[in-house]
**Q** 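Got a structure here, written out as structure tokens. Questions coming.
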Amino acid sequence: MSTNIVKGKWEKGKGKSLFITSPFSHLPFPLKKPELLAPAGNFEKLQAALIYGADAIYFGGKNFSLRAFGDNFTRDEILKAVDFTHALGKKIYAAVNIFAHNRDIADLADYLKFLDRAGVDAILVSDLGVLSLAKELTNLKIHVSTQANVTNWRAAKFFSDLGASRIVLARELTCAEILEIKSNCAAELEIFVHGAMCISYSGRCWLSKFLTGRDGNQGACTHSCRWKYNLVEETRPGEYFPIGEDERGSYVMNSKDLCLLPYLDKVIESGVTSLKIEGRMKSVNYVAGVVKVYRAAIDSYFDGAFEIRSEWLDELNKIAHRPYTSGFFMSDGKPTEIYDMSKPSRSSNFLGIVRAFDASTMTATIEQRGKFAIGERVEFFQPHGKTFSQTITAMRDADGLEISSAPHAQQIVKIPVADPVETWSLMREV
Ligand code: SF4
């Protein structure tokens, strides 16, 4: 069924509601500002996500989440993360989305009870066993992970009837399909709007396990779909025969990265509750940059003045990424794979985080993340203010001694700045 979304009139003074009309007779429905949900691979990324404008974050513990190689959170860190997030009035969700085996159940029960006591706002699950365990032992809200591959309203309704309060839909859905699910399911819906994609249904893939023994469904994917493949005949080891659809190469399974920013109005008008950014393994620079762009875009839509600003696209292009695609959302038939490269583009070099600013001396205290030196041109990407650039004219170390470069990881450096700069700003190479 085709869907023609027509924006209705902005109804001022009605709780920021906006009504849409659609071919589905039981719509229009009131639109609320959706939650912006960001990944938190560690505590610093959690802080960055919330400070740069996320409404909520999701994280994994040391076990039972599908990012075995992420830093992930210890139990003490989870308690600290919950306190930090709730102090800002925001929400925190724990990914418990492995496909559990019998041997996992006892430890899972203990972990779920801990998450309940810790006060996380919801857990993300894929496995029906984990869902039933959480329902039996805890009062935790349950979000069904994209790993469960919900692609139709019957599946969404089934999970809702089982007690899930939110369904993270599979990425393999069009805007029209999402609208139809929304119209037939009482549970909240969450969709991915930005980040890397799987060539297989949201990670339900055996490729990595088959080739390396590391299981994507246990959080240990080696991203084998990104590798460059050749053909070798068994009696000619070392002789690689290229394979590929054409002269560009053989990255035949390498997906582009999802970016729904250009279609954010349609995303919001599909009535989903939460817009999710992928990337628990990605950098602070990625989290801060992507969150700030989507925050500004969502706010501008609800301020009634939505247009895609070039500065947003510029920022998304500065962050390491593969070519962007709208994936399945627009179902426009454009290719979603990239055949001529497997590595993401290089991101603007992230040099440090502003930890303090002294307005009386116009000095910023920077925690180093990449080498920099006097004479280099840098920019300050701020949580709220505009990005500005300048040349580093002087540097002192934590003891006030003059230095000419900052080669040491996490070294504290003070530099004069041209403009007032917010703490948590990122200093980056221009
Ligand atoms: S190998 Fe690729 S498609 Fe398979 S789970 Fe890993 S990232 Fe996804």
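Position 1 is the first residue of the sequence, and the numbers go up from there. For ligands, and for the atoms within them, numbers begin at 1 and follow the listed sequence.
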**Q** Short list, please: which atoms of ligand 1 are under 4.0 Å from a heavy atom of C221?
**A** 1 (S), 5 (S), 6 (Fe), 7 (S)
**Q** Between C225 and ligand 1, which part of the residue brings a heavy atom under 4.0 Å of the ligand: side chain, backbone, both or neither?
**A** both
**Q** Mark up the atoms of ligand 1 that fall under 4.0 Å of a heavy atom belonging to S224, in ascending order.
**A** 1 (S)
**Q** In plain terms, say whether D299 and K33 are close enough for a salt bridge, that is, a side-chain N and a carboxylate O under 4.0 Å apart.
**A** yes
**Q** May I ask you to check whether F43 and F59 place their ring centres under 6.0 Å from each other?
**A**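 When the ring centroids of F59 and F43 are compared, they turn out to be at least 6.0 Å apart.
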**Q** Which of the atoms in ligand 1, numbered in the order shown and given with their element, are less than 4.0 Å from a heavy-atom of I199?
**A**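 Near I199, the atoms of ligand 1 are 3 (S).
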**Q** Regarding C205, does it place an N, O or S atom less than 2.8 Å from atom 4 (Fe) of ligand 1?
**A** yes
**Q** Between R295 and D55, does any NZ, NE, NH1 or NH2 come within less than 4.0 Å of an OD or OE carboxylate oxygen?
**A**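 Here D55 pairs with R295 in a salt bridge, since their nearest N and O are under 4.0 Å apart.
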**Q** Give the atom numbers and elements of ligand 1 that come within less than 4.0 Å of a heavy atom of H223.
**A** 7 (S)
**Q** When the aromatic ring centroids of Y324 and H194 are compared, is their separation below 6.0 Å?
**A**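 Yes; H194 has its ring centre under 6.0 Å from that of Y324.
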**Q** Before accepting this row, confirm whether a basic side-chain N of the pair R166/E35 lies closer than 4.0 Å to the acidic partner's carboxylate O.
**A**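 Salt bridge present between R166 and E35.
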